[in-house]
Amino acid sequence: MLGKLIKHEYIYLLKRFSIFYIIYLCSALLVKVFTLIDIDYDPDNPLYYTLTAAIMCVSMVYMVFTGFLALMTVIDNMRRFKKNMFSDEGYLTNTLPVTATEHIVAKIIAGATNYIVSLLVIFLGMLIVVSSEALEILRVFGEVLEEITVSQFFCMLLMMVTGYIAFMLFGYFLCSINSMANSKGCVGGILGIAIFFFNVMALSWIFTGIEMNNVETPEAFMLIFSVYFAVVGAIMYFLTVNIIKKHLNLQ
């Protein structure tokens, strides 16, 4: 059943985000075309102002999508979680022979996939607009990877995965607590700010402890943070699952 849930999540993402990706890549292509056009300043020529306005509009669309495309994937994933589990769709969700864990896992996997695709699309857009700079970034990134050992790479990957999962579960928890309290966002906002500052303090304490204990190896450094993210994610998961079960039962 988990496979079917993931399949439906991918179908939803394909329908919703494909148009965003197409618009973004088209805007990147137009920006590239406009950069190849030489426009001489001529205040008496209406075409000058038309082309200038078109360039500004297209460039603005491109920059906005570059800045927020990856963020939109995360926000939409959390919005879909809340809609599926706690809106009118929750009545249908509750009738499915699926556990809350399977719903959460399916959405995290689909969200992570969509996030990676968004980053690739953004890089492709950069490659279209400024190919030389994008290739230089890719070259530098390759050089950095060559200097990283296999153990460091896997530790870094583990830290990124656990951090992403903890962040998504944190968002699911805030959505769940808002729905449970019939709040428009105030309860989740206050609790979210409190948890955020607590995590900042906890991470600073961990970092200070690492420095005081002279933990110098990158592997140990990343493993410590991976364990912290895993603990935070486990707490968010436990709270979210219990809220889902309690809320749906109350319906």
Exercise. Run the numbers on Phe173 and Ile243 for side chain to side chain contact (heavy atoms under 4.5 Å, CB included), then give the verdict.
Key: CA-CA 8 Å; Phe173 168 69; Ile243 292 174; 3.9 Å; yes
Quiz item: After noting the C-alpha distance and the side-chain angles of Tyr237 and Asn242, does the key distance pass the side-chain hydrogen bond (donor to acceptor under 3.5 Å, both in side chains) rule?
Solution: CA-CA 9 Å; Tyr237 162 78; Asn242 279 274; over 6 Å; no
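Heavy atoms from other residues, nucleotides or ligands lying under 6.0 Å from CZ of Phe167 number 12 at most.
Inter-residue side-chain proximity for Met78 and Met168 is flagged as met; some heavy-atom pair is nearer than 4.5 Å. Between Phe225 and Leu158, every side-chain heavy-atom pair lies at or beyond the 4.5 Å cut-off. At a threshold of 4.5 Å between non-hydrogen side-chain atoms, the residues Phe17 and Val117 do not count as touching. Residues Asn77 and Leu13 are not in side-chain contact: their nearest non-hydrogen atoms beyond the backbone lie 4.5 Å or more apart. Taking 4.5 Å as the limit, some side-chain heavy atom of Thr240 sits within range of a side-chain heavy atom of Phe81. Residues Tyr172 and Ile108 have side chains in contact (heavy-atom distance under 4.5 Å, counting atoms from C-beta outward). Phe170 has its side chain out of reach of Val232: every pair of non-hydrogen atoms, C-beta onward, lies at least 4.5 Å apart.
Residue pairs satisfying the salt bridge (charged side-chain N to carboxylate O under 4.0 Å, His left out) criterion with at least one member in residues 108-132, sequence neighbours excluded, are absent. Judged as a salt bridge (charged side-chain N to carboxylate O under 4.0 Å, His left out), not a single pair has a partner in residues 111-124 (not counting sequence neighbours). Sorted by first and then second residue, the side chain to side chain donor-acceptor pair (under 3.5 Å) pairs involving residues 117-128 (not counting sequence neighbours) are Tyr21-Ser118.
Note on Ile19 and Ile11: separate hydrophobic clusters, where clusters join Ile, Leu, Val, Met, Phe, Trp and Tyr whose side-chain heavy atoms are under 4.5 Å apart, directly or indirectly.
Nearest heavy-atom pair across Ser226 and Cys155 is OG-O, 4.1 Å. Residues Val241 and Thr101 approach most closely at CG2-OG1, 4.4 Å, considering heavy atoms. Taking all atoms of both residues into account, the shortest heavy-atom contact from Ala28 to Gly125 is CB-O, 3.8 Å. Pairing each heavy atom of Tyr24 with each of Val121, the nearest pair is CE2-O, 3.3 Å.
In this structure, Lys7 NZ and Tyr10 OH are separated by 13.5 Å, a value rounded to the nearest 0.5 Å. The distance from the OH atom of Tyr62 to the CE atom of Met126 is 6.0 Å, given to the nearest 0.5 Å. In this structure, the separation between CG on Leu71 and CG on Asp76 is 11.0 Å, given to the nearest 0.5 Å. Distance check: Met156 CE to Leu223 CG gives 12.5 Å after rounding to the nearest 0.5 Å. Separation of atoms CG (Leu119) and CG (Leu124) is listed at 12.5 Å; rounding is to 0.5 Å. Distance CE/Met159 to CD1/Ile224: 11.5 Å, rounded to 0.5 Å.
Chaining together hydrophobic side chains whose heavy atoms lie under 4.5 Å apart places Leu120 alongside Ile116. Chaining together hydrophobic side chains whose heavy atoms lie under 4.5 Å apart leaves Ile22 on its own. Membership of an apolar cluster is not assigned to Leu14, as no side-chain contact below 4.5 Å to another ILVMFWY residue is traced.
Each of Lys107, Arg79, His103 was scored for a side chain to side chain donor-acceptor pair (under 3.5 Å) with Asn84, with one residue passing: Lys107. Ile109 pairs in a side-chain contact (heavy atoms from CB on, under 4.5 Å) with only one of the listed residues (Leu5, Ile6, Asn114), which is Ile6.
Note: Tyr164 and Tyr115 have tilted aromatic rings, judged against thresholds of 30 and 60 degrees for the angle between ring planes.
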